[in-house]
Number of protein chains: 2
Amino acid sequence: MPGQRSITEAEKLAGAKLGGIPVRHEQMAVVANIYRAASAVRQHLENSVLRGSELTWTAFVVLWVVWIWGESETRHVAEEAGISKGTLTGVSRTLEARGLVRRSGHPTDGRLVLLSLTNEGEELMQRVFPQFNEEEAFVTERLSDEECRSVAEGLRRVVLQVEEQGEERRLALLDGAEPAPRRSGRRPKA
Amino acid sequence: MPGQRSITEAEKLAGAKLGGIPVRHEQMAVVANIYRAASAVRQHLENSVLRGSELTWTAFVVLWVVWIWGESETRHVAEEAGISKGTLTGVSRTLEARGLVRRSGHPTDGRLVLLSLTNEGEELMQRVFPQFNEEEAFVTERLSDEECRSVAEGLRRVVLQVEEQGEERRLALLDGAEPAPRRSGRRPKA
DNA sequence: ACGATATCGTTCGGGATCAAATTGTACGGA
DNA sequence: TCCGTACAATTTGATCCCGAACGATATCGT
């Protein structure tokens with residue numbers, strides 16, 4: 001019902017609201033649609049294949065990373081999965097409790113923890129991934145292979161831009177100012 | 001550090017893992033990159049412009065929706081913002097407490113609640129949105145206007161596909177099976 | 001009329017999530 | 001050897017979020 005019409009229509013309304021101030025319409029549309037698409041896809045996958053296996057999106061991503069890359073150090077898994085280390089600690093413990101992953105200490109560096117799939121975890125992914133991929137195909141059904149490549153490439157550039165220049169940009173924006181607090185989370189000691 | 005290389009490399013590894021089973025590579029790449037881009041963009045915007053105004057991403061989206069569409073029923077706002085009704089209740093109460101939005105009952109339908117911006121909320125958006133849009137331009141800096149349009153259009157189709165056929169698809173997948181529970185959240189009564 | 005049914009927003013249960021603080025381990029130099 | 005620094009993962013505190021249950025209102029059928 002929100003339809004897609006709303007995006008472009010919203011842009012016009014926003015333009016009107018802002019009066020003289022120029023709006024970067026194309027850029028705004030990309031960001032808005034990235035987020036919409038991400039929510040829609042995530043929700044569809046959670047409600048179709050994932051819930052059937054009692055997996056959250058994050059849990060699946062973590063399993064996927066370990067499945068693909070093999071036994072890995074937790075910090076790499078967190079980075080690759082796009083979640084914080086703290087979150088990974090909780091998620092991996094849940095998965096361990098369900099017998100899907102194994103946590104073992106690094107043989108020479110006692111600070112590291114390695115994650116790997118158990119046989120059960122391996123079997124789960126063998127079963128779930130094809131279903132997951134099937135739904136990936138479903139959600140992108142209205143795009144040709146060529147269009148898929150082109151959209152993926154465009155998104156890749158966005159990711160690269162943020163990864164390579166985001167930090168610098170944030171510093172430049174805040175300049176000398178304080179790093180800005182966060183409403184939630186543990187309070188700084190000082 | 002994960003770089004973008006990892007995506008395509010992961011696809012190859014996944015293909016190997018799956019042996020004979022065919023993998024829809026292009027489709028997989030689109031979904032993976034949608035999610036990566038969404039996380040990257042959200043994080044960048046939260047850490048740059050949003051935190052300075054003590055806004056979470058969700059709070060900003062809610063404000064934006066009400067700002068653009070004007071006084072609206074909560075269910076429409078939730079839908080448009082891509083969050084659940086329950087979440088919106090909390091978010092809008094927080095925003096009300098901060099004096100940014102107003103909640104008023106519908107004149108004829110007693111079940112409805114209408115959200116609108118206060119003057120203060122209006123001023124906040126006048127101030128914050130340009131900054132937000134500026135960062136939208138930053139994250140998409142590596143795309144031309146034309147490429148922006150094309151990526152946005154591709155994503156739009158993904159959203160439409162899920163919105164128009166997702167429900168049907170989910171039903172077909174589960175067929176007669178139960179709707180599948182969720183690990184967290186309040187337990188069903190039965 | 002009036003009860004069954006549908007629809008709204010809110011409440012509630014149970015994680016999920018982040019960032020700071022903390023704890024534990026490694027490794028360099030004095 | 002012993003200390004300080006560097007770097008792991010984990011714990012902690014506060015909040016966010018979803019979806020089932022709930023209570024209140026509207027509407028439809030008879």
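Numbered from 1 within each chain, the chains take letters A, B, ... in sequence-line order.
Other residues, nucleotides and ligands contribute over 12 non-hydrogen atoms within 6.0 Å of the CD atom of A:Glu141.
Here the side chain of A:Thr58 is nearest to one of D:dT11, C:dG9, C:dT17, namely C:dT17. Among the nucleotides C:dG9, C:dC18, D:dA9, the one closest to the side chain of A:Thr74 is D:dA9. Nearest nucleotide to the A:Glu73 side chain, out of C:dT17, D:dC17, D:dA9: D:dA9. For A:Val91, counting side-chain heavy atoms from C-beta on, the closest listed nucleotide (C:dA19, C:dT17, D:dC18) is C:dT17.
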(request) Could you check A:Glu123 against A:Arg127 for salt bridge (charged side-chain N to carboxylate O under 4.0 Å, His left out), going step by step and ending with a plain yes or no? (result) CA-CA 6 Å; A:Glu123 283 160 22; A:Arg127 184 166 51 76; over 6 Å; no
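A:Leu45 pairs with exactly one of A:Arg51, A:Gln131, A:Glu135 by the side chain to side chain contact (heavy atoms under 4.5 Å, CB included) rule, that one being A:Glu135.
Checked by atom type, the side-chain pair B:Asn133/B:Glu136 shows a donor-acceptor distance below 3.5 Å. Under the 3.5 Å distance criterion, with hydrogens and angles disregarded, no donor-acceptor pair is assigned to the side chains of B:Glu73 and B:His106.
What separates CG of B:Leu55 from P of D:dC16 is a distance of 11 Å, to the nearest Å. As a whole-Å value, the separation of B:Phe60 CZ from D:dT15 C1' is 20 Å. Taking atom CG of A:Leu95 as the reference point, atom C1' of C:dG15 lies 13 Å away to the nearest angstrom. For the pair B:Ile83 CD1 and C:dT10 C1', the computed distance is 14 Å after rounding to whole Å. Atoms CD (A:Gln43) and P (D:dC18) sit 8 Å apart, rounded to a whole Å. Rounded to an integer number of Å, the gap from CD of A:Glu79 to C1' of C:dC18 is 15 Å. Separating the CH2 atom of B:Trp57 from the P atom of C:dT17 is a distance of 17 Å, rounded to the nearest angstrom. Note: CD (B:Glu96) to P (C:dG9) measures 15 Å, nearest angstrom.
The nearest heavy atom of DNA chain C to B:Thr87 and to B:Arg75 marks one nucleotide each, and the one closer to the 5' end goes with B:Arg75.
Side-chain nitrogen and oxygen atoms of A:Arg93 include none within less than 4.0 Å of the OP1 or OP2 phosphate oxygen of C:dA16.
Between B:Phe132 and B:Phe60, the ring planes lie parallel to each other; the angle is under 30°, not in the 30° to 60° tilted range.
The stretch residues 102-114 of chain B touches DNA chain D through B:Thr108, B:Asp109, B:Gly110, B:Arg111, each having a heavy atom under 4.0 angstrom from the strand.
B:Cys148 and B:Leu143 get closest at one heavy-atom pair: SG-CB, 3.9 Å.
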